[in-house]
Amino acid sequence: MSVPGEDSHFIMAPEVRVKELYKIKIEEKNPRNAAVLMLFYPKEDLTHLALILRPVYVGVHSGQVALPGGKVEELDKDYQSAALRETWEEIGVQSDVIDVLKHLSKVYIPPSNFWVHPFLGVTNDRPDFVLQEEEVAKVIEVSIEQLLNENSVTKRNLSTSYAENIEVPSFELNGYVVWGATAMMLSELKVLLKQALEL
């Protein structure tokens, strides 16, 4: 099954971000690459997804909900390897227990000038999470049912690194507001899951 791509990202992108993405020539900005993992696992007879809460720090993504992942390093042989390495470093899930199923569409993040490459992976058992405290304040375990629930989609007025008090499409998951690039990637995941459920 092909991935839904950019259109599914724009469902959860702030209007100002969509306009910016249409206007800029990304490759001319020489963006860096990052990779993240959407990790599925069983918990209490339901499939869950692991999100992380970033600690509060001086930086673009302070205190935000994200997917485990980070910058691609020279030692990584490809984007998938980077996503698996970062998942091990940040939440302590070893790559040999993860079955990577799919590479989803990359997302550009203007404030940090990164192309982010998301991967979908699964484990047979709920991981015993071990947090890298400098990078992760908490693991947020979200059931797939909650992600697919249309009542989880909302709009919030937020001040971001690129605009003050703008209306931002977001997910509200386990009481946390998920917006920006993470929400855009989860939007593609949601479309993909709904397509699979219709087969």
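- The residue from R54, K138, K71 that alone fulfils the salt bridge (Lys or Arg N to Asp or Glu O under 4.0 Å) condition with E90 is R54.
- Looking at L84, L51, I98 one by one, the single match for side chain to side chain contact (heavy atoms under 4.5 Å, CB included) with L39 turns out to be I98.
- Between K190 atom NZ and L147 atom CG the span is 6.5 Å, to the nearest 0.5 Å.
- In terms of the ring-ring contact (aromatic ring centres under 6.0 Å, His included) criterion, residue partners of W115 (sequence neighbours excluded) are, by chain and number, Y108.
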Let's go through H48 and E141 carefully: what are the C-alpha distance in whole Å and the side-chain angles of both, what is the deciding distance for side-chain hydrogen bond (donor to acceptor under 3.5 Å, both in side chains) to 0.1 Å, and is it a yes or a no?
CA-CA 6 Å; H48 280 68; E141 300 183 83; over 6 Å; no

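- When hydrophobic clusters are built by joining Ile, Leu, Val, Met, Phe, Trp and Tyr residues whose side-chain heavy atoms come closer than 4.5 Å, directly or via intermediates, L193 is grouped together with V36.
- With rounding to the nearest 0.5 Å, the separation of CG in L148 from CG in N151 is 12.5 Å.
- Residues A35 and A82 come closest through the heavy atom pair CB-CB, 4.0 Å.
- Atom CG of D96 sits in a crowded spot, with more than 12 heavy atoms from other residues, nucleotides or ligands closer than 6.0 Å.
- Between atom CG of residue L37 and atom CD of residue Q80 there is a gap of 9.0 Å, rounded to the nearest 0.5 Å.
- Among all heavy-atom pairs drawn from K155 and P169, the shortest one is CG-CA, 4.2 Å.
- Although no hydrogens or angles enter the test, the distance criterion places a donor-acceptor pair under 3.5 Å between the side chain of S187 and the main chain of S8.
- Between N113 and K29, the closest heavy-atom pair is ND2-O, 3.0 Å.
- Note that the CZ atom of F119 and the OG atom of S81 stand 8.5 Å from one another [nearest 0.5 Å].
- Rounded to the nearest 0.5 Å, atoms CD (E44) and OG (S143) are 10.0 Å apart.
- In the hydrophobic clustering of ILVMFWY residues, with side-chain heavy atoms under 4.5 Å counting as a link, V100 and I144 come out apart.
- At a cut-off of 3.5 Å, with distance as the only test, a side-chain donor of N174 or Q146 sits close to an acceptor on the other residue.
- Contact of the L186 side chain with the V178 side chain is registered, since non-hydrogen atoms from C-beta on lie closer than 4.5 Å.
- Contact detail for P42 and R126: the closest heavy-atom pair is O-CB, 3.3 Å.
- Hydrophobic clustering (side-chain heavy atoms under 4.5 Å, transitive across Ile, Leu, Val, Met, Phe, Trp, Tyr) groups L67 together with L53.
- Among pairs with a residue in residues 75-87, those fulfilling salt bridge (Lys or Arg N to Asp or Glu O under 4.0 Å) read D76-R85, R85-E89, at least two apart in sequence or across chains.
- Looking only at side-chain heavy atoms (C-beta outward), T154 and V177 stay at 4.5 Å or farther from each other.
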Could you go through the side-chain contact (heavy atoms from CB on, under 4.5 Å) check for L131 and I91 one step at a time?
CA-CA 5 Å; L131 309 189; I91 59 173; 4.2 Å; yes

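- Between the side chain of R156 and the backbone N or O of E172, no donor-acceptor pair lies under 3.5 Å.
- Relative ring orientation between F129 and Y41 is described as perpendicular, the plane-to-plane angle rising above 60° on a 0-90° scale split at 30° and 60°.
- Linking Ile, Leu, Val, Met, Phe, Trp and Tyr residues whenever their side-chain heavy atoms come within less than 4.5 Å places M185 and F171 in a single cluster.
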Using the side-chain contact (heavy atoms from CB on, under 4.5 Å) rule, take M184 and W179 through it: C-alpha gap first, then chi angles, then the decisive distance, then the call.
CA-CA 7 Å; M184 292 165 70; W179 59 282; over 6 Å; no

Going through the distances and angles, do K102 and L192 end up as a side-chain contact (heavy atoms from CB on, under 4.5 Å)?
CA-CA 11 Å; K102 206 167 197 58; L192 196 62; 3.7 Å; yes

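- A continuous path of ILVMFWY side-chain contacts below 4.5 Å connects L173 to I140, so both sit in one hydrophobic cluster.
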Check against side-chain contact (heavy atoms from CB on, under 4.5 Å), L49 and M38:
CA-CA 7 Å; L49 170 71; M38 300 172 174; 3.9 Å; yes

